Amino acid sequence: MSIVLRHHPFTRAAGVVPMLEEVGAAYTLEYVDLKAGEHKQPDHKALNGMGKVPVLIDGDAVVSEVAAIGVYLADRYAPGRLAPALDDPRRGPFLRWCFYGPSVVEPCCMARASKWEYSPSSAGFGTYEEMLDTLEAGIGDGPWLLGDQCTMADLILGGTVGWMMQFGMLDKRPAFEAWVGRLKALPSSVRAAEINGAIIAEKGLAPG
């Protein structure tokens, strides 16, 4: 049975396509018409009460949130290749970087952009500069977060970093740009860009 991804190319679902391509499992994209409000209809909200995409359906398994989808796919379809084994010492750093985007990078950037007043010592995401320095140190000499092996952590976090740099929400440090460039050059990322682009053209979509 093919995996189904409820998808729209101008949402975070676009970033799940390279994950699916990298995993190599059979999948089908199910277009969700946001303009028509399909994401807020009962059938979709039964899958994701937030009324958001992406939602991944794999048999009886239903997974939402990009990081969770990525970890699920890596563990289910590419263990040892895109996700370290449960008893591998790298498993801890792998999980840390998989969830660093939604738990640290995104709220930290939102706080900076919105000029939130908060105590960095109390907030789990700390300060903007600490977040940038930590991420840069994590990339290190690379080429990937876990060294020579590209894992789902790179696809998850790199997708977030690339998207935020594109829209000026995150500093374009050379280490970030080089890392995102390596990710974009992966055959899976190239194929995903073509797939997302073809849907945009087919549906006559325009940003915003």
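Note that this is a predicted model, so its numbers are computed, not measured.
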Quick one: name the residues clustered hydrophobically with Ile57, using the 4.5 Å side-chain heavy-atom rule over I, L, V, M, F, W, Y, and just say none if it's on its own.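 ILVMFWY cluster around Ile57 also holds Val4, Leu47, Val55, Val62.
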Could you work out the complete set of other residues in the hydrophobic cluster of Leu34, with links drawn between I, L, V, M, F, W and Y side chains under 4.5 Å apart?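 Its cluster partners, ordered by chain and number, are Val32, Val53.
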Contacts of type side-chain hydrogen bond (donor to acceptor under 3.5 Å, both in side chains), residue [X], not counting sequence neighbours:
X: Thr11; result: none
X: His39; result: none
X: Arg191; result: Glu21
X: Trp179; result: Asp154

[X] side chain near [Y] side chain, heavy-atom distance below 4.5 Å:
X: Trp163; Y: Leu170; result: no
X: Tyr77; Y: Ile3; result: yes
X: Thr151; Y: Leu145; result: no
X: Met164; Y: Glu106; result: yes

Main-chain N/O of Leu86 paired with Arg91 side-chain donor or acceptor, under 3.5 Å: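 No; judged by distance alone, with no hydrogens or angles, the pair does not exist.
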Does the plane of the ring in Tyr100 sit parallel, tilted or perpendicular to the ring in Trp97? Use 30° and 60° as the thresholds.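 Ring orientation, 0 to 90° scale: perpendicular.
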Step by step, would you call Val161 with Val180 a side chain to side chain contact (heavy atoms under 4.5 Å, CB included)? CA-CA 8 Å; Val161 170; Val180 169; 4.1 Å; yes
Would you say CG of Asp148 has more than 12 non-hydrogen atoms from neighbouring residues, nucleotides or ligands within 6.0 angstrom?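 Counting neighbours around CG of Asp148, 12 or fewer heavy atoms of other residues, nucleotides or ligands fall under 6.0 Å, so no.
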What pairs with [X] under side chain to side chain contact (heavy atoms under 4.5 Å, CB included), at least two apart in sequence or on another chain?
X: Pro54; result: Leu5, Arg12, Ala13, Val16, Val66, Ile69
X: Ala14; result: Asn196
X: Ala36; result: Asp33, Glu38
X: Leu205; result: His8, Pro9, Phe10, Tyr31, Ile200, Lys203

In residues 123-132, what donor-acceptor pairs under 3.5 Å come from side-chain atoms, sequence neighbours left out?
residue : atom : partner : partner atom : Å
Thr127  : OG1  : Glu130  : N            : 3.1
Thr127  : OG1  : Glu130  : OE1          : 3.2
Tyr128  : OH   : Asp171  : N            : 3.1
Tyr128  : OH   : Asp171  : OD1          : 2.8
Glu129  : OE1  : Arg173  : NH2          : 3.3
Glu130  : OE1  : Thr127  : N            : 3.3

Single hit among Ile156, Leu82, Val63 for side-chain contact (heavy atoms from CB on, under 4.5 Å) with Val71: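 Per the side-chain contact (heavy atoms from CB on, under 4.5 Å) rule, the option paired with Val71 is Ile156, out of Ile156, Leu82, Val63.
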Any pair counted as side chain to side chain donor-acceptor pair (under 3.5 Å), so long as it reaches residues 63-74, sequence neighbours left out: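 The answer is Asp58-Tyr72.
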